[in-house]
Protein chains: 2
Amino acid sequence: MVSRLLDPPAPLAGTDADAVFRALADGTRRDILRRTLGGEHSISALAERYEMSFAAVQKHVAVLDRCGLIEKQRFGKEQLVRARVERIAQASGLLAEFEQLWRDRVGRIDLLIASDYSAEASDHSPNDEPTPNT
Amino acid sequence: MVSRLLDPPAPLAGTDADAVFRALADGTRRDILRRTLGGEHSISALAERYEMSFAAVQKHVAVLDRCGLIEKQRFGKEQLVRARVERIAQASGLLAEFEQLWRDRVGRIDLLIASDYSAEASDHSPNDEPTPNT
DNA sequence: CTAACGTACAACCAAATGGTTTCACGACTT
DNA sequence: AAGTCGTGAAACCATTTGGTTGTACGTTAG
């Protein structure tokens, strides 16, 4: 239990992943993430950077907040926004799992090629275990 | 130019990233991706796995196709779907850039702590260069 | 105290999403 | 030739999204 803090973050699951990827699917929000990865910014400081209204930017920040990609910290009348890398790492991790799945397939194909039992190669349904939503 | 094929794929830019992340923001589509990473499947074979209509699954496949996360290959009357890892790797790469940005910040903070010029530490606007949409 | 600032939130709107049902068409089966 | 299978695409609907404007409220500055 000692190294708990150093463990890679548990990958995103289900609804969480939905929200995180949906949040990432907007250029303005990705830009806000970039800015707040490089240092804290108040919401209005962020808003000055974009051509849309303050309220619009505030909504984007809210989206990022709801899915945990940023955190806000009140500082007097200002609210400082800071990106949460761990959360980004979680999304990253989910994609890494996908890439691993692919490597697994390549491994199986190599096995097939190496083996002599190439007779049943026309079978079309190698994958099972319906794991919807993760 | 020889090692071109081994280069990491150029990271997603702008609208592409929007589409890819939006496509990833749905559990059913992520599941389809997983299945087709493990081997080809026809659209109807995929459709059997989910509780929604065939047309709905077909639409999900279309979304994944439009943003390049899968490719389809006609085989007689069937259309085989296969995930494209490179595209997933591109999304992965964009997130990796984010994590790198964060490491850069940590680096700057370390420098600050190490240096004697801690006088101007109260300045609030370290980041510039508006790079919207990427 | 008053004014200005930073934030929050509600109401509204156009466009996109995720689902449905239905129809059409080419490709195999018999 | 007729029927079934796999696919594509249109029309429709409810919900969500990304933007707007306007209002309200606590905090800081004059």
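So you know, we letter chains A, B, ... as the sequences are listed, proteins then strands, and number each from 1.
Here the nucleotide nearest the side chain of B:Lys77, chosen from C:dG18, D:dG18, C:dA27, is C:dA27. You'll find that the side chain of A:Phe54 is closest to C:dA8, out of C:dA8, D:dT7, D:dG18. For A:Ala55, taking side-chain heavy atoms from C-beta onward, the closest of the listed nucleotides D:dG6, D:dT27, D:dT20 is D:dT20. Across D:dG19, C:dT21, C:dT17, the shortest atom-to-atom separation from the side chain of A:His60 is found for D:dG19.
A:Glu40 has its CD atom 18 Å from the P atom of C:dG6, to the nearest Å. For the pair A:Glu78 CD and D:dT28 P, the interatomic distance rounds to 10 Å; values are reported in whole Å. The distance between atom CG of B:Asp18 and atom P of C:dT17, rounded to the nearest whole Å, is 10 Å. When rounded to the nearest whole Å, the span between CZ of A:Arg22 and P of C:dA16 equals 17 Å. Regarding B:Leu46, its CG atom lies at a distance of 13 Å from the C1' atom of D:dT7, rounded to whole Å. Regarding B:Gln79, its CD atom lies at a distance of 14 Å from the C1' atom of D:dA9, rounded to whole Å. Note: CG (A:Leu64) to P (D:dT17) measures 13 Å, nearest angstrom. For A:Phe75 and C:dC5, the CZ to P distance is 21 Å, given to the nearest whole Å.
Regarding contacts with the backbone of D:dT21, every side-chain N or O of A:Lys59 stays at 4.0 angstrom or more from both OP1 and OP2. For A:Gln58 and C:dG6, the shortest distance from a side-chain N or O to OP1 or OP2 is not below 4.0 Å. Using a 4.0 Å cut-off, no side-chain N or O of A:Arg74 falls inside it from OP1 or OP2 of C:dT7. At least one side-chain nitrogen or oxygen of A:Ser44 sits closer than 4.0 Å to the OP1 or OP2 atom of C:dT7. One finds no side-chain N or O of A:Ser53 lying less than 4.0 angstrom from the OP1 or OP2 phosphate oxygen of D:dG19.
Using a cutoff of 4.0 Å between basic side-chain nitrogens and carboxylate oxygens, A:Arg30 and B:Asp18 are scored as salt-bridged.
B:Arg29 and B:His60 are linked by a side-chain donor-acceptor pair at a separation below 3.5 angstrom, with hydrogens and angles left out of the test.
Contact annotation: the side chain of B:Val81 never approaches that of B:Gln73 to less than 4.5 Å [non-hydrogen atoms, C-beta and beyond].
Each of A:Arg29 and B:Ile43 has a nearest nucleotide on DNA chain D; the 5'-most of these lies closest to B:Ile43. Of the two residues near DNA chain C, B:Glu51 and B:Arg66, the one whose nearest nucleotide lies more 5' is B:Arg66.
Linking Ile, Leu, Val, Met, Phe, Trp and Tyr residues whenever their side-chain heavy atoms come within less than 4.5 Å leaves A:Tyr50 and A:Val63 in two separate clusters.
In this structure, the side chain to side chain donor-acceptor pair (under 3.5 Å) partners of B:Glu99, at least two apart in sequence or on a different chain, are A:Ser92.
Residue contacts for B:Ala62: at a heavy-atom cut-off of 4.0 Å it reaches no nucleic acid atom on any strand shown.
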